Undergrad: 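Please see the structure below; I have some questions.
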Amino acid sequence: MRCSCIYLGKSTAGLVLLLVLAGCLFSTASCKKLVDISDPVDKITSGTAFSSDELAGMAMNGVYTTLMTSGFVKRPITLHASLSSDELLRVNAIAFGPEALLAANRLSLEGVAPDAGFITDATWNAGYAVIYAANAVIEGIAASTSGDLHEPVRKVLTAEAKCIRALCYFYLVNFYGDVPIVSTTEYSDAALIARSSTQQVYEFIIADLKEAEAALPGDYAASGGERIRVNKWAAAGLLAKAYLFNGNYPEAVAAAGRVIGNSGLYGLERNLDSVFLKNSREAIFQFKQNTSDVSLGNATDDGLALLPFSLTSPAIGYCLSNELLGAFDPSDKRRDRWVDSIVVAAGSRTDTFFYVAKYKTGQYNRVRNAVPTEYYMLLRLAEMYLVRADANARASAAQPAAAVEDLNTIRARAGLPALPSSLSGEALLAAVAREWQTEFFCEKGQRWFNLKRTGKARSVLSAIPAKQPWAGDEQLLYPIPPKDINFNPRLKQNPGY
């Protein structure tokens, strides 16, 4: 069974669409009812699946289910990008193992069969699975003629699906560069789509998010007050990031400002230990884990991967790099609260490993079916301050004092002294980069994406001993999955692979 949803065969397309229609994670009873629908599941059947507000809502629930179960914005994004940047190392990695090659920036498809999987395929496959699910909702709502599917519901659910679709494309374009823009569920059409330019992808992302921001509600009523569905402000926050990465700095400032200005709903958590708690005031969009999952329980996926396996018999999979640890000021509270260490003994030798401790529930203390204290953070308010600072520092009509003010807001929470308001030019850009690095380390690829966006990736990464000799700038993009290259003659591989 193929798992890349650009090139779905009928059977896989049917399974993904069935998941969309069922929304099983959110409603077991609804899942049973929709499974009983007799229409073919490899075809959008708007007369049934989108015949009422309730059924369309359950179909949108299925998009969130696909987003969570596909793993798209979970472990592969944080782990792979953190290994590719200067943040994370694999403990006891096999010298030529996939994760060691990621950490050394020496990925190669040499010897990989055209129909074989590759370590970096996971993000591509999962991203397009979610895009397919979102497209199914968008198409199904548009095709439905039912009077029981009311216009306000049509508008909001379509906007939600477009917001999620834009989120997926943001990650795909940052991992792979030019990617196919797929806006249909018709597999025979999607199977032969060529790659669109990065600029075209960003234009598509921005169009989706502008529509979503205009149509989505400004609260979390749809999810019972929990911050686990996208709303107007999530769309605006993602739009701010898209504008920043696309170089439209005035619009990035404006979009980030709209979110920051909503102080009734959002605010920085003064206690760093509260930032990643479920429904924290800093959260704009989070994932609620399925605690019945035997491998996850009440842990987040990043907590499961990045925290030690055990504290009684110490073992750890990943540790922080010296480059990251050296970026913290000695008085930085983030270094104190978001980094921890473990001593591992191997024979007569002991080693101290430092690890990410943003999430506190992991392998060693998770409990199945327990009430979670943390949700997985996808978008938080601190990003908006740094997006606005970054954009204000880079705009042609730069506003350095405004940029410094936003940086100082972040620094104050970290217990750091204020930067002078006179800071400008390269010194200001360096300060912005450092706050990104120390606030968002090992979070959803932020560091790696920013190094590439600002043109600093080669100079920073090629100087790291573990990444020498530098294999080439082609390592700044991951290879397109060989299986999909083999399947679609119009899909060209990234240079160097």
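Remember, predicted model here, so these are calculated numbers, not experimental data.
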Undergrad: For the residue pair Phe175 and Trp448, categorise the inter-ring angle as parallel (less than 30°), tilted (30 to 60°) or perpendicular (more than 60°).
TA: tilted
Undergrad: When you measure from the side chain of Asn392 to the backbone N and O of Gln399, does any donor-acceptor pair fall under 3.5 Å?
TA: no
Undergrad: May I ask you to check whether Tyr478 and Thr123 show a side-chain donor-acceptor distance below 3.5 Å?
TA: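 Thr123 and Tyr478 do not have a side-chain donor-acceptor pair below 3.5 Å.
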Undergrad: Does a side-chain heavy-atom distance below 4.5 Å link Leu407 with Leu386?
TA: yes
Undergrad: Any side-chain heavy atom of Val356 within less than 4.5 Å of one from Val339?
TA: no
Undergrad: Between the side chain of Gln286 and the main-chain N/O of Asn279, is any donor-acceptor distance below 3.5 Å?
TA: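 Yes, Gln286 side chain to Asn279 backbone: donor-acceptor pair under 3.5 Å.
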Undergrad: So, do Phe440 and Glu435 sit near enough that their side-chain heavy atoms are less than 4.5 Å apart?
TA: no
Undergrad: Please report the interatomic distance NZ(Lys467) to CG(Asn105), rounded to the nearest 0.5 Å.
TA: 3.5 Å
Undergrad: For Ser196 versus Asp178, what's the shortest heavy-atom pair and its separation?
TA: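 Heavy atoms only, the tightest pair is O-CB, 3.0 Å.
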Undergrad: Return the CG to CZ distance between Leu476 and Arg458, rounded to the nearest 0.5 Å.
TA: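 The CG atom of Leu476 sits 9.0 Å away from the CZ atom of Arg458.
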Undergrad: Are any side-chain N or O atoms of Asn246 and backbone N or O atoms of Glu203, one a donor and one an acceptor, separated by less than 3.5 Å?
TA: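 Not a single qualifying donor-acceptor pair exists.
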Undergrad: Any non-hydrogen side-chain atom of Thr300 less than 4.5 Å from a side-chain atom of Phe276?
TA: no
Undergrad: Examine the side chains of Glu226 and Ser223 and answer whether a donor and an acceptor come within less than 3.5 Å of each other.
TA: no
Undergrad: Is Leu167 close to Val130 at the side-chain level, that is, under 4.5 Å between some pair of heavy atoms?
TA: no
Undergrad: With distance as the sole criterion, is a donor-acceptor pair present between the side chains of Arg195 and Asn494 under 3.5 Å?
TA: yes
Undergrad: Is the backbone N or O of Ile141 less than 3.5 Å from a side-chain atom of Ser144, with the two atoms forming a donor-acceptor pair by type?
TA: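 Checking the backbone N and O of Ile141 against the side chain of Ser144, no donor-acceptor pair under 3.5 Å is found.
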Undergrad: Any idea how Trp124 and Tyr176 line up, ring-wise: parallel (<30°), tilted (30 to 60°), or perpendicular (>60°)?
TA: perpendicular
Undergrad: With a 4.0 Å cut-off, would you call Asp390 and Arg453 a salt bridge?
TA: yes
Undergrad: Tell me if a side-chain donor or acceptor on Asp53 pairs with a main-chain N or O of His150 at a distance below 3.5 Å.
TA: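 Yes: the side chain of Asp53 pairs with the backbone of His150.
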Undergrad: Could you check whether the rings of Tyr171 and Phe72 sit parallel, tilted or perpendicular, using 30° and 60° as the cut-offs?
TA: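 Rings of Tyr171 and Phe72: perpendicular, over 60°.
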Undergrad: Distance check, rounded to the nearest 0.5 Å: Asp219 atom CG versus Asn231 atom CG?
TA: 7.5 Å
Undergrad: Distance-only, no hydrogens or angles: does the Asn450 side chain make a donor-acceptor pair with backbone N or O of Ala433 under 3.5 Å?
TA: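 It does not hold such a pair.
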Undergrad: So how far is it from Ile464 CD1 to Ser85 OG, rounded to the nearest 0.5 Å?
TA: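 That separation rounds to 7.5 Å.
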Undergrad: Tell me whether Lys162 is salt-bridged to Glu211, with the criterion being a basic N under 4.0 Å from an acidic carboxylate O.
TA: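 A salt bridge links Lys162 with Glu211.
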Undergrad: Do Val275 and Arg413 touch side chain to side chain, with heavy atoms closer than 4.5 Å?
TA: yes
Undergrad: Verify the distance criterion only: is there a donor paired with an acceptor across the side chains of Thr184 and Glu139 at less than 3.5 Å?
TA: yes
Undergrad: So which of Lys333, Lys358, Arg335, Arg380 actually passes salt bridge (Lys or Arg N to Asp or Glu O under 4.0 Å) with Glu439?
TA: Arg380
